[in-house]
Peer 1: 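Please see the structure below; I have some questions.
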Number of protein chains: 2
Amino acid sequence: MSDAEQTRQNILTVAADEIHQHGFNATSLSVILNRCEISKGALYHHFTSKMALGYAVFEEIYTPEFLELWQSALTVEDPVEGLCDFFTSMTEQMSCSEVVCGCPLNNLCEEMANVDEGFRLRILSMQEQLNQLIVDALMKISDDLREGLAFSQVGYFIVATLNGATTLSKSSRNKELFQQVIAELCFYIRALKK
Amino acid sequence: MSDAEQTRQNILTVAADEIHQHGFNATSLSVILNRCEISKGALYHHFTSKMALGYAVFEEIYTPEFLELWQSALTVEDPVEGLCDFFTSMTEQMSCSEVVCGCPLNNLCEEMANVDEGFRLRILSMQEQLNQLIVDALMKISDDLREGLAFSQVGYFIVATLNGATTLSKSSRNKELFQQVIAELCFYIRALKK
DNA sequence: CTTGCAACATACCAAGCGGTCGGTTATTCT
DNA sequence: AGAATAACCGACCGCTTGGTATGTTGCAAG
């Protein structure tokens, strides 16, 4: 990787962390510059604006990370148990800062979806991709599932509940609440089976 | 109501709307001043800081509105159907702006819970109150419900899913997604019964 | 009638923001 | 080697922000 590319990646990584912690608007470019130990000129050489940087973080950091995570949870023999394991392991290995900061995508959806069209469309696309992953996984084992299930609806329900759980636990600052909701969610998911 | 009290109420109402639309940090005092047609001196006569105004909006506008709404949904003969009716009517009478702006309390939780302790504690208290409302309602009809249910867990699950649904639909800008999640949520709630 | 305080108005401030621009160094291509 | 361009620097700009200090008005009590 060239030096320039390394600089760019460094900016992306730091920006992703800052946006995760403080949201997009509350993220200050000067903080990113300090953490990267670069000048404002360097940043604006690689990104045309703060917004462009935000989009790049979304596309090059959050999206791949996110999809990979869900994919690995769903491409198992039994996606129902795969999801439950995925959620349960989240509650276990969840650090304190992750409880506090929540899910980057959920955060951005909250903050930016009704403010900036660029973010909105990117988030929407991401959600649809994620939903498709779940739908595909459920369809694979549809023989084992209850009849009359609306897969897409179920997929959005799962994602909504998970996001709601992360938001909810921000106020209590501990995992307990999150774990409770997840436990109930796993119960719901397992009940999808015959 | 005295003129001064009227001014104060007007500030609260406008601020509540602005915070709902743009979040706390993105809400500009100057916008509030313009909409209220008052001076900065007037605002700072009634509130010591922007933060204090935010707290007042939370306590005097959001909290009572919120509790009243849920209370009326839960203090019916059958709270299970009461909740389902409540959610379903939400999807029906939901205006476009409400889809876009989401739930004020959920928004504040996302934005402020990990930034300001004052907001965090107020939100936490609110969530606990709401959960208690649900738990109480469920306990009243516990004879009709499945055995071994963790009421508190169920309560938080319902709230989490509802919040997640509002956040999710921000990106699609229409009710459809929200309705789907709500439909699935009602299915879950009804399945609490024997 | 005057004294006093609540209820405002207005001008001002420092700090931080995203963004720009002219200049400098490093690298790469011919 | 020399020219061109990528990569980066840092001072500066306009603007908005929350907040303050001083001044003014009007009602109400003594």
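Labels below follow one simple rule: chain letters A, B, ... track the order of the sequence lines, proteins then strands, and each chain is numbered from 1.
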Peer 1: Separation of B:L53 atom CG from D:dG19 atom C1', in whole Å?
Peer 2: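 B:L53 atom CG is separated from D:dG19 atom C1' by 14 Å.
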Peer 1: Is there a donor in the side chain of B:Y62 and an acceptor in the side chain of B:N107, or the other way round, less than 3.5 Å apart?
Peer 2: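 There is no such pair between these side chains.
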Peer 1: Would you sort out whether B:D78 and B:K193 count as a salt bridge (Lys or Arg N to Asp or Glu O under 4.0 Å), showing the intermediate values?
Peer 2: CA-CA 11 Å; B:D78 182 358; B:K193 284 189 177 178; 2.5 Å; yes
Peer 1: How would nucleotides 8-14 of chain D be written as a contact map, 5' to 3', with B for base contact, S for sugar-phosphate-only contact and - for no contact, using protein heavy atoms under 4.0 Å?
Peer 2: SBB----
Peer 1: With a strict under 4.0 Å distance from non-hydrogen atoms of chain A, what nucleotide opens and what nucleotide closes the contacted stretch of DNA chain C, reading 5' to 3'?
Peer 2: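 First and last nucleotides in contact are C:dC17 to C:dT20.
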Peer 1: Would you tabulate the side-chain donor-acceptor contacts of residues 177-186 of chain A under 3.5 Å, counting partners in other chains and residues two or more places apart, or write 'none'?
Peer 2:
unit_1, atom_1, unit_2, atom_2, d
A:E184, OE1, B:Q153, NE2, 2.9
A:E184, OE2, B:Y188, OH, 2.7

Peer 1: A:A26: what forms a side chain to side chain contact (heavy atoms under 4.5 Å, CB included) with it, not counting sequence neighbours?
Peer 2: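 Applying side chain to side chain contact (heavy atoms under 4.5 Å, CB included) to A:A26 gives A:H22.
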Peer 1: If I take atom CD in residue A:Q9 and atom P in nucleotide D:dA7, what distance separates them, rounded to the nearest angstrom?
Peer 2: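 To the nearest whole Å, that distance equals 14 Å.
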Peer 1: Under 4.0 Å between a Lys/Arg side-chain N and an Asp/Glu carboxylate O for B:D143 and B:K194?
Peer 2: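 Between B:K194 and B:D143 there is no salt bridge, as every charged N stays at least 4.0 Å from the carboxylate O atoms.
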Peer 1: Nearest-Å distance, CZ (B:F47) to P (D:dG18)?
Peer 2: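 Distance check: B:F47 CZ to D:dG18 P gives 15 Å.
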Peer 1: Pair A:E117, A:R122 - check salt bridge (Lys or Arg N to Asp or Glu O under 4.0 Å), show working.
Peer 2: CA-CA 9 Å; A:E117 195 70 358; A:R122 281 168 175 83; over 6 Å; no
Peer 1: Go through residues 18-33 of chain B and report each residue with a non-hydrogen atom lying under 4.0 Å from DNA chain C, sorted by number.
Peer 2: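 Contacting residues: none.
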Peer 1: Given B:E81 and B:R190, is the salt bridge (Lys or Arg N to Asp or Glu O under 4.0 Å) satisfied, shown in steps?
Peer 2: CA-CA 8 Å; B:E81 284 307 314; B:R190 291 199 173 100; 2.7 Å; yes
Peer 1: Excluding sequence neighbours, so at least two apart, what forms side chain to side chain contact (heavy atoms under 4.5 Å, CB included) with A:K140?
Peer 2: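 By the side chain to side chain contact (heavy atoms under 4.5 Å, CB included) rule, A:K140 matches no residue at all.
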Peer 1: Would you mind reporting whether A:L12 and A:F47 have side-chain heavy atoms less than 4.5 Å apart?
Peer 2: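 Sidechains of A:L12 and A:F47: in contact.
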Peer 1: If you take the centroid of each ring, where Trp contributes its six-membered ring, are A:F157 and B:F187 closer together than 6.0 Å?
Peer 2: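 Distance test on ring centres: not under 6.0 Å, no.
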